[in-house]
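Here is the structure we will look at.
In listed order, ligands and their atoms are each counted from 1. All heavy atoms count here, side chains included; hydrogens, waters and symmetry mates do not.
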Amino acid sequence: MNSLLNQAFDPAQFKAAGYGVIDLLTAYLTQQPERKVIEWKTPDEMAAFFENHSSSGPLQFLETVIQHSIQLHHPRYLGHQVSPSVPIAALAGLVSDLLNNGMGVYEMGAAATVLERYVIKTTAGVMGFTPAADGFLTSGGSLANLTALLAARAKKIPGSWQEGNMATRPALMVSEEAHYCVERAVKIMGWGQNGIIKVPSNENFQMDTRHLPPLLQKAKQEGTTVIAVVGSACSTAAGAFDDLEVIADFCRENDLWFHVDGAHGAACSFSNTYKNLVKGLNRADSVTMDFHKMLITPAVTTALVFREGSDAYGTFSQRAHYLWSQDQEEEWYNIAKRSFECTKLMMSVKVASIMQSYGLSLFEEYIDTVILNTALFAELLTEKGFELACWPSCNIICFRYNPKRALQEGQVNQLMENIRQQLLEDGTFYIVKTSLHQKTWLRCTLTNPFTQRQDMEQLANRIIECAGG
Ligand SMILES: *Cc1c(COP(=O)(O)O)cnc(C)c1O
């Protein structure tokens, strides 16, 4: 037992350290109210800290990592959209990390492959699709959107895989409020700036669908081939849900692929109370949904669902003889045929562990709780004289504060920037900011279901205090 390898793989050492890690994480979960959400250090300070830091062993090292990481399980974390992970799913993550099944082909992850199909079929059913729907899990909403758009291209421009797509001048239409990754996907596919037609948004930051017909007409006149419309459910900045029914009608009339970027909000399908937010979702050709946003699963875990499951097989018309011999066959169990990844995390085990332990009702309870909390926060902010960008639809809310309504627009923008920076450096709360229709807003995602009214109250008061009353 003197080689490093023997030590590193020793089961007894694993067990000892493992219990220690569980103790550390239990302490982390047992939040002390005085603890900060974030111990702010600038990037250079943080780099210097770790350069000069030496730990006595793995436990002390991991404890240091925990202390210097933002704490999503803290009730005063109200920042970006990633949710606190359910502990059982983190344990499943530990199991899958150690097993390290690569998932590229069936035998390199038999259990995880079958569970992935179960997770996807269940999700597709919840979204209201027929059994013809299928898909897979992939590494994040950004990659899922790119993959869906590649499938759209394969379907709408046959032969583009071999010949390229330059001659066709393809394009898609998407709300100006969409996540930046849609534009990135367009540019990756080589469609250029003309490949993304941004549809203006209305006063609630939803796609203003009245612009769709004239923009399509204009594109045709300019020799551009629009092949798809991307709906946002919801938009990242404001949490605005596009009208999916209207976009679905438009796509059907014009023979366009309809992709829904539901990275954040497609999860509302799991709630009987809020599934009307994504009405029309089951008319999409493809849907992206992050389990790590509103479904409390460790990041990254993203579902990409196709209404016609077979559409996914056209995405990558490639051969890889070392992985599978039947290139042309739709083998559902060799998932890398459809996904961008070759080696992939065993994501399905995390989702399935939640479903197995608590059923789909846990998702529903979570969604209902955080959306109700956000409405409560909206009321509280309004009472205290804050301006809301729009009434929140889900758990994202944008707001600003103009003390005694005395400041000009530009000054309010600057004030919001300053307040957000001050809060970050305080570390007592974590919130973010965004820009909507040329104004700067403070932005919260009420992603922790244990955030209390008292936390919201104190956050609002702190902002008023920072603003000088
Ligand atoms: C978060 C988000 C994305 C990006 O997803 P990742 O999982 O972070 O890659 C894309 N679209 C929308 C609408 C999002 O909210």
What are the distances between nitrogen or oxygen atoms of ligand 1 and protein nitrogen or oxygen atoms, counting only those under 3.5 Å?
unit_1, atom_1, unit_2, atom_2, d
ligand 1, 5 (O), Gly141, N, 3.4
ligand 1, 5 (O), Asp290, OD2, 3.3
ligand 1, 7 (O), Gly141, N, 2.7
ligand 1, 7 (O), Asp290, OD1, 3.4
ligand 1, 7 (O), Asp290, OD2, 2.8
ligand 1, 7 (O), His292, NE2, 3.0
ligand 1, 9 (O), Gly141, N, 3.2
ligand 1, 9 (O), Ser142, N, 2.9
ligand 1, 9 (O), Ser142, OG, 2.8
ligand 1, 11 (N), Asp261, OD1, 3.1
ligand 1, 11 (N), Asp261, OD2, 2.6
ligand 1, 15 (O), Gln81, NE2, 3.2
ligand 1, 15 (O), Thr236, OG1, 3.1
ligand 1, 15 (O), Lys293, NZ, 3.2

For Glu409, is there an ion pair with Arg400 - N to carboxylate O distance below 4.0 angstrom? yes
How far apart are the closest heavy atoms of Lys344 and Ile335, and which atoms are they? NZ-CG2, 3.7 Å
For the residue pair Phe205 and His437, is the inter-centroid distance of their aromatic rings smaller than 6.0 Å? yes
Is there a donor in the side chain of Ser201 and an acceptor in the side chain of Glu176, or the other way round, less than 3.5 Å apart? yes
Atom NZ of Lys218 with >12 non-hydrogen neighbours under 6.0 angstrom: no
According to side chain to side chain contact (heavy atoms under 4.5 Å, CB included), who are the partners of Ala284, at least two apart in sequence or on a separate chain? Phe258, Val260, Val287
